[in-house]
S.K.: 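Quick one: this structure, given as structure tokens, is what I'll be asking you about.
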There are 2 protein chains.
Amino acid sequence: MVNKTPAAKAPDATRRNERSRRAILDAALEIVGEVGFSKLTIEAIAARAGVGKQTIYRWWPSKAAVLFEACMPEGLDPLTVELPDTGDIEADLKTVLRGTVDELRNPKLEAPTRALSAETQNDPELGRQLTERILEPQLQAYVRRLRSAQEAGQIAADIDVRIAIELLVGPLFHRWHTRTLPLTHEYADTVAELALRGLSPR
Amino acid sequence: MVNKTPAAKAPDATRRNERSRRAILDAALEIVGEVGFSKLTIEAIAARAGVGKQTIYRWWPSKAAVLFEACMPEGLDPLTVELPDTGDIEADLKTVLRGTVDELRNPKLEAPTRALSAETQNDPELGRQLTERILEPQLQAYVRRLRSAQEAGQIAADIDVRIAIELLVGPLFHRWHTRTLPLTHEYADTVAELALRGLSPR
DNA sequence: TTGTCAAGACGATACGTCTCGCCTTCTTCT
DNA sequence: AGAAGAAGGCGAGACGTATCGTCTTGACAA
């Protein structure tokens, strides 16, 4: 048996229409920015993209999956994600965390990003894919940079770098999720300073 | 003008049926636990609660609002939320963070909690209410406990306690949101230790 | 008398499946 | 090589179902 469900014949990806694919992704991004995720419907995407509904259902399992692909950087090799390494771990982390703040505050990305973040709570499989294809490559870049800092003696050698990462980015995402206080560069700097103080050798 | 929309006449809360209210909240919790938030419908709640749909629409603006009220502790005075203070800030924080981990891992609460967390991303007004009535009272308890630690010289006096809190709970919620690594008591302890190391006086 | 209540009818909307020609691409036959 | 199918994605939209939020009815309680 080839397919999990014998009735489900997989579509032939080699015959796929790239123009339609792009039109769908662009339409989804436009609409979610205009009216929000709850009013983003498959029918509206199809209408704006000038596409049949079946063309969407054929290639994506949900509107969240469409939005996910629409947010994916296209030709970007995940392995190219790299953090700066000037030798000064504090300066480098501040640079990166400030960049994260800028991305989270980017008005063009906010609607789809929040929609996807929300959707991962109720759709663990989507969350798994998002983690694997977007989050994990970035975390691996952190891992490499923090190991480098450990070898330089700037971070205690016995610290689990995965936990170190969460100490750095957790507070930023928490503030973004809860919208309690403004997410600023100053905040990123303070978090970097305090976290590094906790991570440095005694 | 009394109402924002003249046509909207406010219902008379004094004549409200408490039995129906409880049946609705209980039904909502049951259903979201069984089939998830996306399949939680107003019609299903009304049917299971033995209630007319209008009785739900009359008192709540959305299914998320119903779930929110269903998750609210009933007779609990928010001011009574208090963190332990044994004088040992590290031990106390570990106790509290372990409790948070236990709550986040509680199978009965997981479905509604994730659903509400997701909904706050796309509904800022709901997020505001959830922050005000659930999150903020707990944060205030943290503020009091951390100020006490500052007075005892266990935490640097020049640190913004709001940021200190985010350093403590941010990593926990980040792991809960992303489901990357297991959320355990050991993790809570490590976060408390590392964060406190960053917060302690130099 | 007034207003909530349970029940459910109602039109609107979006769902996901399907059917229909149209068109492109690949295969086969002369 | 060129013509004639064969296969399958495509745009369009009809279809039945589900849920939406509003509205109506009659019972009941304050």
Side-chain angles (χ1 to χ4, degrees), chain A residues 2-3 5-28 30-32 34-67 69 115 119 122-123 125-126, chain B residues 2-28 31-32 34-67 69 115 119 122-123 125-126:
Chain A
V2 176
N3 295 319
T5 50
K9 46 198 166 188
D12 184 347
T14 67
R15 308 188 62 168
R16 187 166 182 186
N17 186 329
E18 174 64 18
R19 184 188 317 282
S20 297
R21 177 177 160 277
R22 272 257 53 97
I24 290 165
L25 300 180
D26 293 343
E30 281 179 30
I31 296 174
V32 82
E34 290 168 12
V35 299
F37 184 71
S38 62
K39 288 182 196 159
L40 173 72
T41 64
I42 300 281
E43 305 214 322
I45 297 173
R48 174 153 335 185
V51 139
K53 292 197 298 176
Q54 191 63 258
T55 303
I56 300 180
Y57 285 111
R58 185 179 297 121
W59 300 109
W60 291 278
S62 67
K63 64 177 181 174
V66 175
L67 206 52
E69 187 167 334
E119 214 53 18
N122 297 319
D123 183 347
E125 169 57 20
L126 178 74
Chain B
V2 176
N3 294 319
K4 283 181 292 185
T5 50
K9 45 195 168 192
D12 185 346
T14 67
R15 308 186 63 168
R16 186 167 182 185
N17 186 331
E18 174 64 18
R19 184 187 318 281
S20 297
R21 177 177 160 277
R22 273 258 51 100
I24 290 165
L25 299 180
D26 293 343
I31 296 174
V32 82
E34 290 168 11
V35 299
F37 184 72
S38 62
K39 288 182 194 157
L40 173 71
T41 65
I42 300 281
E43 305 214 321
I45 297 173
R48 173 152 339 181
V51 138
K53 293 197 298 176
Q54 192 62 38
T55 304
I56 300 180
Y57 285 111
R58 184 179 298 121
W59 302 108
W60 290 277
S62 67
K63 64 177 183 175
V66 175
L67 206 53
E69 188 167 334
E119 214 53 17
N122 297 318
D123 182 348
E125 169 57 21
L126 178 74

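Lettering follows sequence order; numbering is per chain, from 1.
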S.K.: Kindly say whether, by distance alone, the side chain of B/Q54 makes a donor-acceptor pair under 3.5 Å with the base of C/dC5?
M.R.: no

S.K.: When the distance from CD1 of A/I56 to C1' of D/dC10 is rounded to whole Å, what number comes out?
M.R.: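 Spelled out: CD1 on A/I56 to C1' on D/dC10 is 13 Å.
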
S.K.: Start at the 5' end of DNA chain C and walk down; is the nucleotide closest to B/R15 or to B/K53 reached first?
M.R.: B/R15

S.K.: Please state how far atom CZ in A/R16 lies from atom C1' in C/dC23, giving the value in whole angstrom units.
M.R.: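 Atom-to-atom, A/R16 to C/dC23, this comes out as 18 Å.
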
S.K.: Expressed in angstrom and rounded to an integer, what is the separation of A/Y57 atom OH from D/dA12 atom P?
M.R.: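 One finds 16 Å between P of D/dA12 and OH of A/Y57, rounded.
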
S.K.: Around A/R22, counting heavy atoms of other residues, nucleotides and ligands shown, do more than 12 lie under 6.0 Å from its CZ?
M.R.: yes

S.K.: Please figure out whether B/A47 or B/A13 has its closest DNA chain C nucleotide nearer the 5' end.
M.R.: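 That would be B/A13.
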
S.K.: Could you state the atom-to-atom distance from CZ of A/R19 to C1' of C/dT24 in whole Å?
M.R.: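 Rounded to the whole Å, the gap is 13 Å.
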
S.K.: Nearest whole Å is fine: how far is C/dG16 P from B/K39 NZ?
M.R.: 11 Å

S.K.: Using a 6.0 Å cut-off, check whether atom CZ of B/R19 has over 12 heavy atoms from anything other than its own residue.
M.R.: no

S.K.: Atom CG of B/L40 to atom C1' of D/dA18: distance rounded to whole Å?
M.R.: 15 Å

S.K.: Output the rounded distance in Å from CG (B/D12) to C1' (C/dT1).
M.R.: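 To the nearest whole Å, that distance equals 14 Å.
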
S.K.: With a cut-off of under 6.0 Å to the ring centre and 45° to the axis, is A/R21 in cation-pi contact with A/W59?
M.R.: no

S.K.: In Å, rounded to the nearest 0.5 Å, how long is the span from CD1 of A/I45 to CG of A/D26?
M.R.: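 These two atoms lie 11.5 Å from each other.
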
S.K.: Nearest heavy atom decides the nucleotide; on that basis, is A/E43 or A/R58 closer to the 5' end of DNA chain D?
M.R.: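 The residue whose closest nucleotide sits nearer the 5' end is A/R58.
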
S.K.: Rounded to the nearest angstrom, tell me the gap between atom CD1 in B/I42 and atom C1' in C/dA12.
M.R.: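 From B/I42 CD1 to C/dA12 C1': 17 Å.
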
S.K.: Report yes if at least one side-chain N or O of A/W59 is closer than 4.0 Å to OP1 or OP2 of D/dG8; otherwise report no.
M.R.: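 For D/dG8, OP1/OP2 do not have a side-chain N/O of A/W59 under 4.0 Å.
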
S.K.: Nearest 0.5 angstrom please: B/I42 CD1 to B/T55 OG1, how far?
M.R.: 11.5 Å

S.K.: For C/dT4, does either OP1 or OP2 sit under 4.0 Å from a side-chain N or O belonging to B/S20?
M.R.: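 Negative; the distance criterion is not met.
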
